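Here's the structure we're looking at; comments come further down.
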Amino acid sequence: MRKPLVMGNWKLNGTKESVTALVNALKAPADKAAGKAEVAVCAPAVFIGMVEQLATGSSLKWGSEDCDIHTQGAYTGENSPVMLKEFGCTYAIVGHSERRDYHKESSEYVAQKYQAAQANGLIPVLCVGESEKEFEEKRTMDVIRSELKAVIDLCGIQSFEKAVIAYEPIWAIGTGKTATPEIAQSVHSEIRAYLATFDAAVAEKVQILYGGSCNAKTAPELFAQKDIDGGLVGGASLKAPDFTAIIEAAVANA
Ligand code: 13P
C-alpha cells in the first residue's frame, strides 16, 4: 500500500510573517495525519531555515523547490543539495514546468538534479507533464515518457524506490482548470505501466502525486483514484484552512 503524500509548493511567495503563521497552523494537521498520510511544504530557499526551526519536532516535513547539480563551488545563486540537507530538507522538487520553461532546463539537466538530490540524501520529487498544445495533440504520454526516460537512463529504474513523481499538466497549473479525475487517473496509470516495463515492483511502489489546481474542492475526488497518491499543491497550499482540507482528503483515502 502506498502512503499518500500531500506537498505544498509555495513557489515565489511568502513573508517572514506569513511563513510563521502557515507553518504553525500546519503542524497540528500534519501530526493528526501522521501514520496515514505524509505532509510536506517546499519553500523558497531563503525561508528553509525558518521552516526548519518552526517545524522541527512536528510531523510536518519540508523541502526545496529546486536543487543544483553541484554540491559546492563557483555557482552563483544556486542551492546545493548538501546545504538543503543540512537545513533538514527531506524533499527537493526537480523539473517543475516553471523551471523547465522559464529557465530552459532540459530533461537531461533535470535528471542530473534528481541524481544530485538523491546522492545527498534528499528525496527528489520529479515533475512531469504536458503543455496544453501537447495535450490537444494527444502527446501527453510521449512527453512524459521522455521526461522519465532521461532519469531512467542516468539513474536507473531502481532510483524510483527513493523518489516521488508528480504529474502536473501544465495547462492545469494556476489556471483553475484541474484535470478531471478520469484524465489524471488515466495518465497516472500509464506512468505506472511505463515504469513497470522496466521494473514492476518499483512501478507499484512509487508515489505519484497530482498537481495543477488541486484544491479543497477537487482533492477528494482526485485522491480517490487508484493511482493518485496525493497532491503537489501550489496556490491552495498558501492558505492553512485549504491545505488542511486537502490533507484531510488524503487521510480519508489512505
Ligand atoms: P497550482 O496548485 O497553483 O495550480 O500549482 C500547481 C503546481 O505547480 C504545484 O507544483
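We use all heavy atoms of the structure for the numbers below, so side chains are in, but hydrogens, waters and symmetry mates are not. One-based numbering, in listed order, for ligands and for the atoms of each. Only a predicted model underlies this, so the values are computations on that prediction, with no experimental measurement involved.
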Exercise: do Ser59 and Asp31 side chains pair donor with acceptor under 3.5 Å:
yes
List below, pair by pair, the N or O atoms of ligand 1 and of the protein that are less than 3.5 Å apart, including the distance to 0.1 Å; reply 'none' if no pair qualifies.
| unit_1 | atom_1 | unit_2 | atom_2 | d |
| --- | --- | --- | --- | --- |
| ligand 1 | 2 (O) | Gly234 | N | 2.9 |
| ligand 1 | 3 (O) | Gly235 | N | 2.9 |
| ligand 1 | 4 (O) | Gly174 | N | 2.6 |
| ligand 1 | 4 (O) | Ser213 | N | 2.8 |
| ligand 1 | 5 (O) | Lys11 | NZ | 3.2 |
| ligand 1 | 8 (O) | Lys11 | NZ | 2.8 |
| ligand 1 | 8 (O) | His96 | NE2 | 2.8 |
| ligand 1 | 8 (O) | Glu168 | OE1 | 3.4 |
| ligand 1 | 10 (O) | Asn9 | ND2 | 3.0 |
| ligand 1 | 10 (O) | His96 | NE2 | 2.9 |
| ligand 1 | 10 (O) | Glu168 | OE1 | 3.2 |
| ligand 1 | 10 (O) | Glu168 | OE2 | 2.9 |

Do Ser131 and Glu134 meet the criterion of a side-chain donor-acceptor pair at a distance under 3.5 Å?
yes
State whether the number of non-hydrogen atoms from other residues, nucleotides or ligands found under 6.0 Å of Glu182 atom CD is greater than 12.
yes
Working for ring pair (Phe, Tyr, Trp, His ring centres under 6.0 Å), residues Phe160 and Tyr114
CA-CA 10 Å; Phe160 284 95; Tyr114 173 109; 5.6 Å; yes
Quick one: does Arg100's side chain have a donor or acceptor within less than 3.5 Å of a partner on Gly95's backbone?
yes
Contact list for residues 207-221, test salt bridge (charged side-chain N to carboxylate O under 4.0 Å, His left out), sequence neighbours left out:
none
